[in-house]
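Okay, so here's the structure we're looking at.
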There are 2 protein chains.
Amino acid sequence: MEKEVEIIKAHGLRKTPVRVDILKYFSSKGYALSQPEIEDHFKKDFDRVTIYRTLHTYMECGILHKVPSEDGLTRYALCQHEHVHSEPHAHEHIHFSCTDCGKTTCIDSEPVPQVHLPKGFKAEETSLFVKGTCDKCAG
Amino acid sequence: MEKEVEIIKAHGLRKTPVRVDILKYFSSKGYALSQPEIEDHFKKDFDRVTIYRTLHTYMECGILHKVPSEDGLTRYALCQHEHVHSEPHAHEHIHFSCTDCGKTTCIDSEPVPQVHLPKGFKAEETSLFVKGTCDKCAG
DNA sequence: CAAAAAAAGCAACAATGTTGCATTAATATC
DNA sequence: GATATTAATGCAACATTGTTGCTTTTTTTG
Ligand SMILES: [Mn+2]
Ligand SMILES: [Mn+2]
Ligand SMILES: [Zn+2]
Ligand SMILES: [Zn+2]
């Protein structure tokens, strides 16, 4: 079975064209995609609402997660797990946004550093957003 | 001269009712405010577009900055400077979102830790978003 | 106070988010 | 493989937010 179909099935979802295609699109791109990017790419094939609901479903399942951004555009990125969950889970990884190519990527290889907070504050989840130049744009 | 008026003047802006009121509102609240919160509070007094443009102006001047959030709601927070700038500037501070009271606050007292990135990536600006329990909700 | 410049208000439209519901497609079962 | 069951899609419709142009009003300057 295809990787994408496997993921869909593993979450108890039905295999449908939108779902397979959107998942493939994410895999092929490898960086965070904004709602307009996704919509524009698929609008000839699928309804706007269907795309919206697919993203929603994928979020709930933990297949995608939202990537915060300063520009107000919601972005989505694939969750990288070795194991497939059916439950959503925490995402403690770095989000990197390249000021040159504009692409936002998830960096799982480096740990999120421990944060020291003022007295009384208790951290549960930390997310780190870094702007700069990515490896492909360097040099 | 009032503190709010002083800030407005220092940025070469004209003193108008919306500007003073919105600035006072931010000061009184002390945490990040979403666009709907601000709009709802002032809609009886000012036009939606005027509020929108005021926030926009304050962002450009560096009086307010955007606070990223996972819920998709844009939030704005006062920039804390000892000195008053006329230029926008970088904001390297922690944003803390309390899962209990829902309030998002800027934490300037603690440093943003150094992040280690994979080879080829160069960090220019780091922003840290922490979810957890705030000092007021602890205990 | 008058002139000049800037901001506010209003209308209008674009983009995105969101729901209900009838139709269609995907799976389970025979 | 046909059929029943259940879920997903498409479409219409509406809500919210973002954004612009332009006219009127307000603020500042002299
Ligand atoms: Mn993940
Ligand atoms: Mn600041
Ligand atoms: Zn890049
Ligand atoms: Zn709290």
Side-chain angles (χ1 to χ4, degrees), chain A residues 1-2 4-25 32-61 63-76 86 104, chain B residues 1-2 4-25 32-61 63-76 86 104:
Chain A
M1 196 164 26
E2 265 183 312
E4 286 76 21
V5 180
E6 225 166 277
I7 294 171
I8 291 166
K9 290 291 186 182
H11 288 86
L13 300 172
R14 292 185 178 185
K15 173 199 152 188
T16 66
V18 220
R19 288 180 179 165
V20 176
D21 287 8
I22 286 187
L23 216 44
K24 280 185 182 172
Y25 191 51
L33 300 170
S34 69
Q35 178 273 328
E37 277 177 289
I38 303 163
E39 208 171 277
D40 284 356
H41 188 260
F42 286 113
K43 68 178 158 204
K44 56 189 180 305
D45 305 305
F46 308 111
D47 188 81
R48 193 171 73 86
V49 178
T50 304
I51 296 169
Y52 164 78
R53 284 200 258 235
T54 301
L55 295 174
H56 203 264
T57 302
Y58 280 171
M59 291 275 299
E60 276 188 335
C61 293
I63 295 174
L64 292 178
H65 63 278
K66 276 195 186 180
V67 179
S69 73
E70 332 248 294
D71 63 8
L73 264 191
T74 311
R75 264 172 248 276
Y76 301 88
S86 49
T104 302
Chain B
M1 197 160 33
E2 265 183 311
E4 285 77 20
V5 179
E6 224 166 279
I7 295 170
I8 290 167
K9 289 293 187 180
H11 288 87
L13 301 172
R14 294 186 175 186
K15 174 199 153 190
T16 66
V18 220
R19 288 182 178 164
V20 176
D21 287 8
I22 286 187
L23 215 45
K24 280 185 180 173
Y25 191 52
L33 300 170
S34 68
Q35 180 271 327
E37 278 176 288
I38 303 162
E39 210 172 276
D40 284 355
H41 188 261
F42 286 113
K43 68 177 158 207
K44 57 188 179 307
D45 304 305
F46 307 112
D47 188 80
R48 193 172 73 86
V49 178
T50 304
I51 295 169
Y52 164 79
R53 284 201 258 236
T54 301
L55 295 174
H56 204 264
T57 302
Y58 280 172
M59 290 275 298
E60 276 189 335
C61 293
I63 295 174
L64 292 179
H65 61 278
K66 276 196 186 178
V67 180
S69 75
E70 332 248 294
D71 62 9
L73 264 190
T74 311
R75 264 172 248 275
Y76 301 87
S86 49
T104 302

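To find a chain, count down the sequence lines: A is the first, B the second, and so on, and within it residues start at 1.
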Ring centres of A:Tyr58 and A:Tyr76 under 6.0 Å apart?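 No: the rings miss the under 6.0 Å criterion.
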Rounded to the nearest Å, what distance is computed from the [atom1] atom of residue [X] to the [atom2] atom of nucleotide [N]?
X       : N      : atom1 : atom2 : value
A:Ile8  : D:dA7  : CD1   : C1'   : 14 Å
A:Leu73 : C:dG17 : CG    : C1'   : 14 Å
B:Glu60 : D:dT19 : CD    : C1'   : 14 Å
A:Met59 : C:dG17 : CE    : P     : 11 Å
A:Lys66 : C:dT16 : NZ    : P     : 14 Å
B:Leu33 : D:dT17 : CG    : C1'   : 17 Å
B:Arg75 : D:dT17 : CZ    : P     : 12 Å
B:His11 : C:dA6  : NE2   : C1'   : 18 Å

Which pairs, with at least one residue in residues 34-45 of chain B and sequence neighbours excluded, count as a salt bridge (charged side-chain N to carboxylate O under 4.0 Å, His left out)?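 Residue pairs passing salt bridge (charged side-chain N to carboxylate O under 4.0 Å, His left out), neighbours aside: B:Asp40-B:Lys43.
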Any salt bridge (charged side-chain N to carboxylate O under 4.0 Å, His left out) involving residues 13-24 of chain A? Give me the pairs, sequence neighbours left out, ordered by first then second residue.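 Every salt bridge (charged side-chain N to carboxylate O under 4.0 Å, His left out) pair that includes a residue of residues 13-24 of chain A, provided the two are not neighbours, is A:Glu2-A:Lys24.
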Tell me, please, which residues at least two apart from A:Ser69 pass side chain to side chain donor-acceptor pair (under 3.5 Å). A:Asp71
Run the side chain to side chain donor-acceptor pair (under 3.5 Å) test against A:Thr57 and tell me which residues pass, sequence neighbours left out.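 For A:Thr57 there are no side chain to side chain donor-acceptor pair (under 3.5 Å) partners, ignoring immediate neighbours.
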If you take all heavy atoms of A:Tyr25 and A:Ile38, which pair is closest and at what distance?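 Answer, listing the atom of A:Tyr25 first, then A:Ile38: CE2-CA, 4.4 Å.
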Heavy-atom closest pair, residues B:Glu4 and B:Leu23: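 Closest heavy-atom pair between B:Glu4 and B:Leu23: O-CD2, 3.5 Å.
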Pairwise distance OG1(A:Thr16) to CD1(A:Ile8) - rounded to 0.5 angstrom: 6.5 Å
Going by side-chain contact (heavy atoms from CB on, under 4.5 Å), name the residues that satisfy it together with A:Pro36, two or more places apart in sequence or in a different chain.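 Testing A:Pro36 for side-chain contact (heavy atoms from CB on, under 4.5 Å), a comparison that skips the adjacent residues, returns A:Ser34, A:Leu73.
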Go through residues 34-43 of chain B and report each residue with a non-hydrogen atom lying under 4.0 Å from DNA chain D, sorted by number.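 Residues of residues 34-43 of chain B under 4.0 Å from DNA chain D: B:Gln35, B:Pro36.
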To 10°, what angle do the rotation axes through the five end pairs on each side of the helix from C:dC1-D:dG30 to C:dC30-D:dG1 form?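 For the helix from C:dC1-D:dG30 to C:dC30-D:dG1, the axes at either end differ by 40°.
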Residues 47-56 of chain B side chain polar contacts: donor-acceptor under 3.5 Å, at least two apart:
from	atom 1	to	atom 2	distance (Å)
B:Asp47	OD2	B:Val49	N	2.8
B:Thr54	OG1	B:Thr50	O	2.7

With a 4.5 Å cut-off on side-chain heavy atoms, are A:Leu33 and A:Arg75 touching? no
Counting C-beta onward and ignoring hydrogens, is there a side-chain heavy-atom pair between A:Val18 and A:Phe42 closer than 4.5 Å?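 The answer is no, as the side chains (C-beta and beyond) never meet within the 4.5 Å cut-off.
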Distance check: side-chain N/O of B:Tyr52 vs OP1/OP2 of D:dT19, anything under 4.0 Å?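 True: B:Tyr52 side-chain N/O within range (under 4.0 Å) of D:dT19 OP1/OP2.
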One character per nucleotide, please: for nucleotides 23-28 of chain C, 5' to 3', B when the base has a protein heavy atom closer than 4.0 Å, S when only the sugar-phosphate does, - otherwise. --BBS-
Close N or O pairs between protein and nucleotides 11-13 of chain D (under 3.5 Å):
from	atom 1	to	atom 2	distance (Å)
D:dC11	N4	A:Arg53	NH2	3.3

